[in-house]
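In what follows, residues are counted from 1 in the order of the sequence shown. In each ligand, atom 1 is the first atom listed, and ligand 1 is the first ligand listed.
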Amino acid sequence: CGDEGHDHSHEKRAFPPTTLTPPTRALDWGDINIIHTTDSHGWLLGHQKTSFPEPNYSGDLGDFASFVSHMKQIAAEKDVDLLLVDSGDLHDGTGLSDGFPPGGVDAHEFLAKLPYDVMAIGNHELYIYANTLDMHQNFAPQLKGRYLSSNVNITVADKHGKPQSVPVGSRFAKFRTRKGRKVTSLGVLFDFTGNDKNTTVQKVADMVKEKWFLEAIKEEPDFFLLAGHMPVQRDDWPLVFKAVRKVHPTTPIIILGGHTHIRDCVQLDGRSMSLESGRYMETVGWMSMKLDERRGSKKNITFSRRYLDPNRVTYEFHTRTRNSTFDTFLGGSITRGLLQLAKRFDLNFKFGTAPQDYTIDRVPYPSNNSLLSLFAAEAMPTALSINNTRANIPNIMITNSGSQRFDVYSGPFTKNDQLTASPFADAFLYIPNIPAKTAKQVLPALNNAGAENRKRSVEEALKKREREAYELGYVDMVYRKWLEEMDRRDGVERRAARNLTLGYVTKDSCPGVGDDTLHAPLPFFDIPDFIGSNTPNVTDDTPIDLVFVDFIQDQLLEILNGVQTAKNFTTKDVQSYSPFLASAVLGLFAQKAWN
Ligand SMILES: Nc1ccn([C@@H]2O[C@H](COP(=O)(O)O)[C@@H](O)[C@H]2O)c(=O)n1
């Protein structure tokens with residue numbers, strides 16, 4: 001980096017001890033180039049486990065910062081523009097984002113040190129008001145008008161103490177690139193309904209009718225940069241796209257989406273490209289666009305896109321650097337700062353030693369290697385029996401499979417591993433005295449099993465619930481379908497060939513191959529949306545406790561009232577079951593079972 005006299009050593013350079021596959025080819029540069037991140041969910045220290053595909057994603061935020069600096073330098077040499085954009089969901093996912101009380105994520109300080117041109121808000125910034133307030137008061141100001149929340153507001157007290165609803169960040173941003181090109185930018189969130197009190201999400205269809213929106217898009221920029229936490233397929237981007245196209249039929253439009261955690265690309269017309277760049281810092285997206293020689297051209301624009309595996313081999317390949325020349329001063333200081341933060345939050349605290357790998361969808365559910373089986377059948381019953389006067393009453397415990405966010409690997413099981421596997425601070429509730437016969441029907445009904453035998457009214461309720469679930473942020477099924485398709489295409493053959501490491505194998509609807517590095521896909525097994533403990537061995541009329549996480553309360557009550565008619569259950573029948581939150585369950589279990 002040319003900065004002599006400071007320490008370049010990183011403790012975390014101990015991993016990965018594995019040989020990583022380099023990218024297949026150089027990036028295609030254009031006049032406008034974009035590096036894109038989304039759904040990072042706190043994975044700022046990179047993926048640290050040694051079983052594949054984890055080493056593919058071992059680059060940390062410091063490495064990423066060094067990569068961005070070198071790429072900026074290359075852009076300057078080429079005399080082109082390079083922008084850095086994020087599409088939201090910084091919260092919920094690791095010990096760095098969830099290892100301490102909500103309302104002030106110190107790790108975000110390091111994100112703000114990167115030269116982001118635009119960042120958009122995600123649904124995970126809105127589950128807890130204190131987190132949204134932190135974004136509004138502390139994070140957004142550091143982005144100087146470029147933290148965008150076009151349709152998301154927060155209610156805060158004005159200077160007279162009266163509540164007022166204001167954008168969490170800014171509604172839009174207009175700026176010029178280094179080369180002087182005019183950009184109009186938005187940060188749009190899908191129609192999310194699971195947000196906390198005193199935050200509001202306006203429907204996208206209503207946002208595009210707002211006076212401020214029509215004013216903002218009126219003047220023609222050199223290109224529109226529409227960032228947002230919304231998948232590039234099957235959602236409301238076309239509403240925003242059409243609203244812009246109505247006024248500017250040929251102006252280039254770049255869309256940078258997120259939320260479904262997949263790698264995806266689509267072109268809504270020949271002068272636009274939409275990119276989605278995965279999750280958990282497992283993907284860094286790249287897009288380039290060659291501008292027209294003359295203004296007003298209607299010809300198709302040449303775009304390229306690429307999905308990079310974020311690791312030092314990828315970064316050094318594309319920046320023509322070596323291990324000894326790659327780290328910048330900023331990059332090194334970010335890595336060291338994050339490691340200090342991890343130490344401060346005691347993220348290496350060991351609960352026990354996991355005897356084997358437990359994965360979410362690489363093995364069937366239920367099975368001995370399934371994390372969902374481990375959580376539902378062993379960890380939840382063990383952890384929730386601690387300090388619980390109802391421990392001796394038979395029960396059925398239910399949670400959503402989406403509550404388990406990441407695999408557990410054999411070896412030391414730390415506080416960080418606990419929070420990556422299960423980051424949500426969801427509380428456990430219960431309804432007492434449900435006849436075992438009724439309680440046993442709830443889980444299959446939640447998973448829509450036996451739908452063909454069900455009455456039409458229940459069918460309709462389930463359809464409605466599916467729609468509502470999407471609005472609440474349930475998109476795990478989209479990610480899983482994506483994994484299933486890549487495995488089904490040629491998973492068995494690619495894995496059998498043994499010349500490729502495991503990783504993502506993307507097929508999207510943009511021209512050419514999108515993945516930067518070739519891999520064999522992971523094996524995939526379908527999993528249910530809801531999982532439960534083993535049913536107790538009691539007679540059908542035995543009254544038992546129906547235990548569940550608060551996150552699924554509304555759906556559970558709806559289903560419970562569908563499988564029986566003796567009583568209409570409401571939130572008044574629900575009580576607190578345990579002092580422990582979902583995010584603590586695996587640690588409590590590991591202390592008992594893995595020590
Ligand atoms: N309190 C919570 C909040 C969310 N979830 C799970 O997260 C999913 C949404 O996350 P995305 O990254 O996909 O936006 C949601 O479907 C739930 O599975 C939770 O369990 N508890």
Side-chain angles (χ1 to χ4, degrees), residues 37-43 86-94 97-98 102 120-132 152 188-197 199 201 228-235 257-262 264 276-283 360-361 371-372 375-376 380 397-406 418-429 446-447 465-483 527-532 548-556 580-586:
T37 54
T38 187
D39 295 81
S40 53
H41 289 285
W43 283 84
D86 183 82
S87 295
D89 270 9
L90 305 182
H91 292 89
D92 300 327
T94 72
S97 49
D98 309 281
I121 198 163
N123 53 307
H124 281 265
E125 276 71 75
L126 301 173
Y127 282 111
I128 298 172
Y129 178 83
N131 285 338
T132 319
V152 186
V188 188
L189 179 64
F190 71 96
D191 289 352
F192 177 52
T193 57
N195 50 307
D196 204 354
K197 284 190 290 294
T199 68
V201 181
H229 200 72
M230 187 151 69
V232 295
Q233 304 269 13
R234 283 183 63 237
D235 209 302
H259 184 48
T260 44
H261 293 179
I262 67 174
D264 203 4
E276 190 175 338
S277 305
R279 62 164 204 178
Y280 300 174
M281 290 307 282
E282 293 172 348
T283 301
I360 295 174
D361 42 33
L371 177 63
L372 303 183
F375 191 86
M380 219 170 19
M397 299 176 171
I398 299 178
T399 187
N400 53 318
S401 60
S403 65
Q404 302 307 297
R405 302 278 281 192
F406 203 70
Q418 176 200 39
L419 289 166
T420 55
S422 209
F424 298 112
D426 293 336
F428 287 96
L429 309 171
L446 274 165
N447 281 324
R465 190 166 64 76
E466 225 169 72
R467 205 177 44 248
E468 285 167 358
Y470 187 84
E471 289 170 358
L472 281 167
Y474 281 57
V475 285
D476 316 326
M477 58 285 194
V478 181
Y479 176 70
R480 294 203 301 262
K481 198 165 175 13
W482 183 61
L483 292 181
I527 55 166
D529 289 341
F530 297 88
I531 51 176
F548 51 93
V549 277
D550 58 357
F551 188 71
I552 64 169
Q553 172 171 271
D554 293 351
Q555 293 153 290
L556 188 125
F580 299 117
L581 300 174
S583 50
V585 163
L586 283 172

Distance-only polar pair, side chains of Asp426 and Tyr127, donor-acceptor under 3.5 Å = no
Distance-only, no hydrogens or angles: does the [X] side chain make a donor-acceptor pair with backbone N or O of [Y] under 3.5 Å?
{"X": "Glu125", "Y": "His91", "answer": "yes"}
{"X": "Asp529", "Y": "Asn447", "answer": "no"}
{"X": "Asp98", "Y": "Gly93", "answer": "yes"}

Residues with a heavy atom under 4.0 Å from ligand 1, by chain and number, are His41, Asp89, Asn123, His124, Tyr127, His259, His261, Asn400, Gly402, Ser403, Arg405, Phe424, Asp426, Gly473, Tyr474, Val475, Asp476, Phe551
Is any side-chain heavy atom of Val549 less than 4.5 Å from a side-chain heavy atom of Phe428?
-> yes
Residues at least two apart in sequence or cross-chain that pass side chain to side chain donor-acceptor pair (under 3.5 Å) with Thr260, listed by chain then number, are Glu276
